[in-house]
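Written out below as structure tokens is the structure these notes cover.
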Amino acid sequence: MRIGDISRRTGVPPATLRAWERRYGVLVPTRTEGGHRVYSASDLARVRQLLTLVDSGVSVSLAAQRLRGGGEQPRQAQTQAMVAAMWEALERFDEVEVRALLVEAEAVVTVEAFLDDVVAPLVRRLAVGWRKNPRHIAREHFTSILVRSQLVQVLGDKIERQGPIVVTAAPAGEAHDLGVIMAAVVLAAHGWHPIALGAQTPCPSIDSLLAELAPPCIVLGAEQRGPASRLLSAWSPPRDCLVVLGGPGFRPEDAAALPWALHHDAAYAELPAAVAAATRRRPAGGARGTRPKRS
């Protein structure tokens, strides 16, 4: 991108951006064969980080020094700037800008930071506001489509097809599936091969797939208690398959009632290690659970 593109997307005049480039090295452009400066998504992200630090009262010179020094604070400033920019674009229902920001965010931070520090805060903010105004409902649907599209693309890029299979699904009656897709993405980044079923997955479909693929793990997510409790009352998982329950709809006691299960309500970054630890505690025996299915 050119310096005018960064100016338009950050509100910083081109002259100021050039000064920051000369004095502080905030921007690190490459040059075309014709000698024109070309800037990357990382340059744009650094400008947004610097603006976030300056808005918090830090001087430009000190903010630039922190960015050059790395560490947790710059990364936090970086992701906060990305979320703020996305929210502004969502307020305008600017699909092109939101897509560009999602691509940029996924490119400049780790998968774990993208999920926990960019996507999750955005989704939580939408969840809090949607009940207050019908316009928020429209924005939630608009955002979900864009976020899901980016997550599915990232998932395809991260899948290790030689890794162990993990099934991810939301039960019948649960229309929200971003959580289980995010779980699939972070597990894919750690060597798993996710089979992502998405929302509204009935028990017979889950059972059929588990019988066909015999995966060592299934991740189930629910935002609402109703679909979660209905699934648990009608479903008996195989004993040799770890069941991971996540989202507000599931509770710790749900996992305790299953033969081999884990309730995960921590960061997505912690999910792969939690699954690995639970896998090491695999119970003896491979028979199906003893709880009867109910019609």
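Note that the structure is predicted; figures quoted are calculated from it, not measured.
Side-chain atoms of Asp116 never come within 3.5 Å of backbone atoms of Ala113 as a donor-acceptor pair (strictly under, hydrogens ignored). Checked by atom type and distance alone, the side chain of Ser149 never pairs as donor or acceptor with a backbone atom of Leu146 at under 3.5 Å. A donor-acceptor pair under 3.5 Å links the side-chain atoms of Thr52 to the main chain of Arg48, judged by distance alone. Remark: the backbone N or O of Gln224 is paired with a side-chain donor or acceptor of Glu174 at under 3.5 angstrom. Without hydrogens or angle criteria, Asp117 side chain to Gln80 main chain gives no donor-acceptor distance under 3.5 Å.
Scored by the side chain to side chain donor-acceptor pair (under 3.5 Å) test, Ser61 finds Ser59 as partners (sequence neighbours excluded). Here Pro13 pairs with Thr16 under the side chain to side chain contact (heavy atoms under 4.5 Å, CB included) rule; sequence neighbours left out. For Ala261, the side chain to side chain contact (heavy atoms under 4.5 Å, CB included) criterion is met by Val243, Ala255, Leu258, not counting sequence neighbours.
Across every non-hydrogen atom of Leu101 and Ala89, the tightest pair is CD1-CB, 4.3 Å. Contact record, Val54 with Ala63: CG2-CB, 4.4 Å, taken as the closest heavy-atom pair. Heavy atoms only, all atoms of each residue included: Ala267 and His264 are closest at O-NE2, 3.0 Å. Across Ala105 and Met82, no two heavy atoms sit closer than the pair CB-SD, 3.5 Å. The heavy-atom pair separating Phe250 from Leu220 by the smallest distance is CE1-O, 3.6 Å. Taking every heavy atom of both residues into account, Pro216 and Trp192 meet most closely at CG-CZ3, 3.9 Å.
For the atom pair CD (Glu212) and CD1 (Ile195), the distance works out to 9.5 Å, reported to the nearest 0.5 Å. Here Leu187 contributes atom CG and Thr168 contributes atom OG1; the two are 8.5 Å apart, rounded to the nearest 0.5 Å. Residue Glu106 holds its CD atom at 9.0 Å from CG of Leu115, rounded to the nearest 0.5 Å. With values rounded to the nearest 0.5 angstrom, Leu213 atom CG is found 4.5 Å from Ile165 atom CD1. A distance of 12.5 Å separates OG1 of Thr30 from NE2 of His36, quoted to the nearest 0.5 Å. With rounding to the nearest 0.5 angstrom, the CD atom of Glu140 is 11.0 Å from the CG atom of Leu122.
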Run Asp240 and Trp260 through side-chain hydrogen bond (donor to acceptor under 3.5 Å, both in side chains) and show every step you take. CA-CA 8 Å; Asp240 56 352; Trp260 186 26; over 6 Å; no
What's the verdict on side-chain contact (heavy atoms from CB on, under 4.5 Å) for Leu178 and Val147, showing C-alpha distance, side-chain angles and the deciding distance? CA-CA 8 Å; Leu178 290 181; Val147 171; 4.2 Å; yes
For Arg282 and Arg239, what are the C-alpha separation, side-chain angles and deciding distance, and is it a side-chain contact (heavy atoms from CB on, under 4.5 Å)? CA-CA 9 Å; Arg282 177 174 179 165; Arg239 280 190 177 274; over 6 Å; no
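Residues Val123 and Leu102 share a hydrophobic cluster, clusters being chains of Ile/Leu/Val/Met/Phe/Trp/Tyr side chains in contact below 4.5 Å.
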For residues 197-206, which side-chain donor-acceptor pairs fall under 3.5 Å, sequence neighbours excluded?
{"residue": "Gln200", "atom": "OE1", "partner": "Gly173", "partner atom": "N", "Å": "2.7"}
{"residue": "Thr201", "atom": "OG1", "partner": "Ala170", "partner atom": "O", "Å": "3.3"}
{"residue": "Thr201", "atom": "OG1", "partner": "Gly198", "partner atom": "O", "Å": "3.2"}

Could you pull out all donor-acceptor pairs under 3.5 Å where a side-chain atom in residues 18-29 meets a protein atom, sequence neighbours excluded?
{"residue": "Glu21", "atom": "OE1", "partner": "Tyr39", "partner atom": "OH", "Å": "2.7"}
{"residue": "Glu21", "atom": "OE2", "partner": "Arg37", "partner atom": "NE", "Å": "3.0"}

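Between Arg92 and Glu97 there is no salt bridge, since no side-chain N of the basic residue sits under 4.0 Å from a carboxylate O of the acidic one. In this structure, Arg251 does not pair ionically with Asp265, as no charged nitrogen and carboxylate oxygen lie closer than 4.0 Å. Electrostatic pairing of Asp5 and Arg2 does not count as a salt bridge here, judged by no charged N lying under 4.0 Å from a carboxylate O.
For residues 138-166, the set of pairs meeting the ring pair (Phe, Tyr, Trp, His ring centres under 6.0 Å) definition, not counting sequence neighbours, comprises Phe93-Phe142.
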